[in-house]
Structure formats: C-alpha cells, structure tokens
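For reference, the structure discussed in these notes is given below.
Just so you know, these numbers use all the heavy atoms, side chains as well, and skip hydrogens, waters and symmetry mates. From a predicted model like this one, the values you see are computed outputs, not experimental measurements. Reminder, nothing fancy here: chain letters follow the sequence lines and each chain counts from 1.
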2 protein chains.
Amino acid sequence: MIAVSEKNAPSTKNCPHNAAINCASCRLSAICLPLALAQDEIVQLDEIVQRGRPLQKGQHLYREGDTFTSIYAVRSGSVKAYSVSDSGEEQVTGFYLPGEILGMDGIGHNRYASSAVAMEVAAICEIPFANIEDLSGKLPNMQKHFFKLLSQEIVEDQQHITLVSKHTAEERIASLLVSISARNARRNLSPLSFRLPMSRTDIGNFLGLTIETVSRVFSRFAKQGLLEIDKKEVTVLDIDTLKRVASLGH
Amino acid sequence: MIAVSEKNAPSTKNCPHNAAINCASCRLSAICLPLALAQDEIVQLDEIVQRGRPLQKGQHLYREGDTFTSIYAVRSGSVKAYSVSDSGEEQVTGFYLPGEILGMDGIGHNRYASSAVAMEVAAICEIPFANIEDLSGKLPNMQKHFFKLLSQEIVEDQQHITLVSKHTAEERIASLLVSISARNARRNLSPLSFRLPMSRTDIGNFLGLTIETVSRVFSRFAKQGLLEIDKKEVTVLDIDTLKRVASLGH
DNA sequence: CGTTCCCTTGAACAGGGTCAATCAGCGTGG
DNA sequence: CCACGCTGATTGACCCTGTTCAAGGGAACG
C-alpha cells in the first residue's frame, strides 16, 4: 500500500532513525500535516503517506481538470499552482514551499481546479484523500486539522484579494517578499537572504502586475537600499521598512 | 437545545407541514446544507440548527475577531461579509444570498476573520460548529459535504482573485451581475429582473473599484442597452452580451 | 423642509500597462 | 571556440484605464 522508493531502508517504514522517511522524524513535522496530531496519530497518518516522488523542474504534479485523488505536501523544492480560465488567461494561484500543502482546491468538484508544476527539483509527499477522509472520521484531531487547513486557505485567499485589489505595486511586492521571508524563517532558513524560486513572470502574474512593473519595483527597492537583488538571489537589507511598505494602509 | 422562535407550531420541530421550520421542508434545502444528505441524516442536521434570528438591516451576525462558534445559512434577505486590515482599510469579502453559507473563515483560528452584517432584513439559521464536527465524525456524507463546501469557497476566492487582478472594470461588474443572476435562478427567482441588495460602495469595494467607476459602468451598460438600472433595481436586457463581457479573456 | 446619504457626472491626473530596445546567460551546433 | 538563437530580465517612452477631486441631484428621514 505504501509506495516508498528508497533503497537504503531495508528495515521498515517506521524506523525513526531513517530521517524523512516517516512523518514522525521528518524535520518539517512541526509545520506540516502532523502539526496537530498526537504521536500515535502520526503513525496512522504515516501509513497513508506516499513518499519519494521527486519532480524535475517543469514537471506537473497534477493538471487542472484531472480527477482529484490526493493532496500533496512539499518536502523540498517548490511548486507553483496556476489555473487557466475559459478565455485562456493564466492565473498563478499560489507558491508552495516545503511543509506546505496543496491540491485542496480539488475536493469541491472531484477535479483539480488548478495545475501544479515544480519550479525546481522537488520532493513531494502524496496523501490520498480517501484515506484522509477515512482517518478524519476516526481521529477528531485529524478532521479538525483539515477543517482548519481549508479555512486558513480561505482566509489567505481573501487577504490576497485585498492585496491585489487595493494595494500598489510596491506594496504587493513587499508583501510577497515578507511572506517568503517569514516562511523561510519557519523552516529555520535565513529570513534575510534567500533565492526566489519563481520567475518575474510568475511573480507578476501572482500579484496582478506585469513583468516590467515587477522588475521596476525590484530596482527601485534596490536603489532605496531596502534589498540587494541579483537575478533570483535576494538579500534583504531593511526588513522593517519592507514590512511597513507591505502593510501600508493603501 | 433548539431555539425556535415560532408561535404557530405547537406540535414539534419535525412536522413536515410546517414550512421553513425544519430543513427537510425548507424550500432552500436543495441548494443549502441538506443538499448532500439522506432523509434520515437531514433529521440529525435539523436537531442542531438554530432558527429564528431575524436581523435588521445593519445588524451584525458576528464581528471580526469574535470567538468562532457557529456557521450560518441565510434563509432570507442578504448578508455582506467584510474585513478590516491592520491599516484600517475595508475589504468586502462576499455577499451571501438565501441558501448560502457563511462564517467558515472562522474555523482556522477560532476567531471570525471577517464581520458579517445584514444588508436588509434577514433570517438566518445558526449551526454551532462543534455540533457539525460531531456530526461529521458520525456521518461521512456530512464530513464530505463540509470538505467540499470549504474547498469550493477556496476555488471561488481564487476566481475572484483573477477577476480583480486581471479584468477590466466592465468585466468585473458584468461578472458580478451574471453571478447574482445565476444565484437568483437557482432559487427560482427571475434571472433578468432583480434588486441589488448592496450599495454601490459595497460593489466597488468587493470588485476593487471606486464608487464612481461602478456608477459609470452601470450607466455605460444602460446606454449600450445591456440593462436598465434604477437605483438598485436591475433589469437585464441582454444577458448573452453580459455573459460574454463577464468572461472576456482580458 | 433641511440634512444626510447615496448616486451620478464631469474634468484632470497618475499608476501601471504597452510597446520597444537592449542585455545577460545558456545551451546548440557549425 | 565562437556564432547563433532563445529565454528572462531590465529600462525607457508613451498611453490608457480607472482614480481623484469636485459639483450637483434626488430620495429618505427626522
């Protein structure tokens, strides 16, 4: 039932010494799905998680319209989700970093509402949704956690609506940078020096801006001494001002 | 346990002849919560629904930051949800018509992420979330339905992001009109002649436009013969063109 | 009957889009 | 090895959509 693609684990799935081969020992457990579960519950979650699905850059995890089967957790690398409207225009709906869950937009209509593609080499955990439903019926913690996850995504999407409908280009970009910085911090990475996994085009699409505007704002921020940016490599020099700009009234 | 505020129902809550006092006989049941439930399951849902909470225009159902306790279904009238950011700006996050569910943004952090206020006299069903979690643990249909509800709201929010970040003023307003028209049709009301329950200010805020632009676009649509509009009363004259404008590539 | 709220309309302005040119990296193939 | 084309990013000049500012109308309500 478990599709583990590891060679160096002749023992079994629950050996806590084999890092990253089960949830309990995964260094992301504190920010990923196991977050709300008790030890013995994590073991049950572990039973249904399918690991070892390394995607190359540009490979799709699923495509809009595919039958919904599973949700996914990013273990390493990064993933972009996007949907294409009837009229052919693309909308980037989210960037997913390690420890983050995607695919939940497929629950509603049994088909994914977006496509998910690796922005760089990425390891992914797959969790079949039927098993999650099953487990949620048995473990109240699991059910509660999933309700929360879904609800939080709603709140985040609504904040994003505010961002793109009421804020200036500078505020939107500052906001994205602050978000990525904070998410890096959660994973104990540097919040001030990191690599943007996505292209300018993706950033612009996500924020409702053109690529030119994105480029101009980055240049302006650099000129103002808020950050240094070389292609995708970012060094934040003045996080406070950046945060202030990100949450500017209007 | 049930807070029914009816006087003409001396019998009991499950009498199917007493319209609108239980879910099974409510004329909205086909589009509201009972939608996915079997007859005997609706009875169980009915047990936890609290009815008779008529709100006057301007009265709040809950406020941003309040402890999350319940989700709500609109029985009649209409409700607007909005949130206020740190910086004090308001964002209308949704309009809710009869048969629609609101309050689910509170699940994630045990506090409502938005405020909900009646845009006109409105009857509301309250469903304590603890009971829903309970029922969801027992009825797989209920759990599934709730996962779906939450997921669908995510998808709708993401479509709204596309709307406000990539579409013109005319497209946004056409889109809102088509949406309201369709939701009216679902309730067997006229899709071509209806009253907008919300103000121009609310429409503009919801769509990321100023009140002036909203007004101008309405005038333009009227001049083009797409609709007639007198204050809040709308008569759609050319729904096809309106739909075409609403889903215009960009 | 005056005040207020909501809406409409006009005129001027500006933020970001569009179009275009340039450049840097990078893999390919001659 | 270098020429070539391709993709992604940067920068400039101009323009357009929607905002801002301002004025005025009309319905509701005390």
Side-chain angles (χ1 to χ4, degrees), chain A residues 56-58 80 89-92 117 119-120 162-177 195-224 226-234 245 248-250, chain B residues 56-58 80 89-92 117 119-121 162-177 195-224 227-234 245 248-250:
Chain A
Q56 294 305 305
K57 174 173 179 170
K80 154 185 104 170
E89 73 202 317
E90 224 173 281
Q91 170 72 50
V92 172
V117 62
M119 295 192 291
E120 59 193 316
T162 304
L163 191 69
V164 298
S165 78
K166 304 239 195 311
H167 288 228
T168 64
E170 299 203 345
E171 288 160 6
R172 296 183 209 185
I173 291 187
S175 184
L176 177 65
L177 288 171
R195 185 174 189 282
L196 294 173
M198 69 293 281
S199 69
R200 299 286 189 272
T201 305
D202 289 336
I203 293 176
N205 190 310
F206 180 64
L207 296 175
L209 300 169
T210 59
I211 177 177
E212 293 95 330
T213 301
V214 173
S215 190
R216 278 187 256 267
V217 171
F218 275 142
S219 300
R220 218 175 302 156
F221 281 171
K223 202 167 293 173
Q224 294 169 349
L226 300 189
L227 48 78
E228 280 169 1
I229 184 160
D230 176 35
K231 210 167 150 57
K232 303 196 163 171
E233 216 61 51
V234 175
V245 172
L248 228 53
H250 112 131
Chain B
Q56 294 305 305
K57 174 174 179 169
K80 154 185 105 171
E89 72 203 318
E90 223 174 282
Q91 170 73 49
V92 173
V117 61
M119 295 191 291
E120 57 193 317
V121 176
T162 305
L163 191 69
V164 298
S165 79
K166 304 236 194 313
H167 288 228
T168 64
E170 299 202 346
E171 289 160 5
R172 294 183 211 186
I173 290 187
S175 185
L176 177 64
L177 289 170
R195 184 174 190 282
L196 295 173
M198 69 292 282
S199 68
R200 299 287 189 272
T201 305
D202 288 336
I203 293 175
N205 190 311
F206 180 63
L207 296 175
L209 300 169
T210 59
I211 178 176
E212 293 95 329
T213 301
V214 174
S215 189
R216 278 186 254 268
V217 171
F218 276 142
S219 301
R220 219 175 301 155
F221 281 171
K223 202 167 294 174
Q224 295 170 345
L227 48 77
E228 280 169 2
I229 185 160
D230 176 36
K231 212 168 148 58
K232 302 196 164 171
E233 216 60 52
V234 176
V245 173
L248 230 53
H250 116 125

Base versus backbone protein contacts along nucleotides 3-12 of chain C [heavy-atom cut-off under 4.0 Å; B, S, -]: ----SBBBB-
Atom-to-atom span, NE2 of H167(A) to C1' of dG16(C) - whole angstrom: 16 Å
I173(A) CD1 - dA9(D) C1' separation (whole Å): 13 Å
Touch class at under 4.0 angstrom, heavy-atom based, for G204(B) against every strand present: nothing
T210(A) side-chain N/O to dG16(C) phosphate OP1/OP2 under 4.0 Å: no
4.5 Å side-chain heavy-atom contact, V214(A) and I211(A): no
Under 3.5 Å donor-acceptor, N205(A) side chain and E90(A) backbone: yes
Atom-to-atom span, CG of L207(B) to C1' of dT17(D) - whole angstrom: 16 Å
Exceeds 12 heavy-atom contacts within 6.0 angstrom, atom NZ of K57(A): no
Closest approach of L177(B) to L227(B) (non-hydrogen atoms, all atoms of both residues): CD1-CD2, 3.5 Å
Charged N-O contact under 4.0 Å between R220(A) and E170(A): yes
For S215(A), side-chain contact (heavy atoms from CB on, under 4.5 Å) partners two or more places apart: none
Distance, rounded to the nearest Å, where R220(A) contributes CZ and dT11(D) contributes C1': 12 Å
Nucleotide dA14(C), atom P - distance to CD of E170(A) in whole Å: 16 Å
Distance, rounded to the nearest Å, where E120(B) contributes CD and dA28(D) contributes P: 16 Å
Value in whole Å for how far the P atom of dG8(D) lies from CG of D230(A): 17 Å
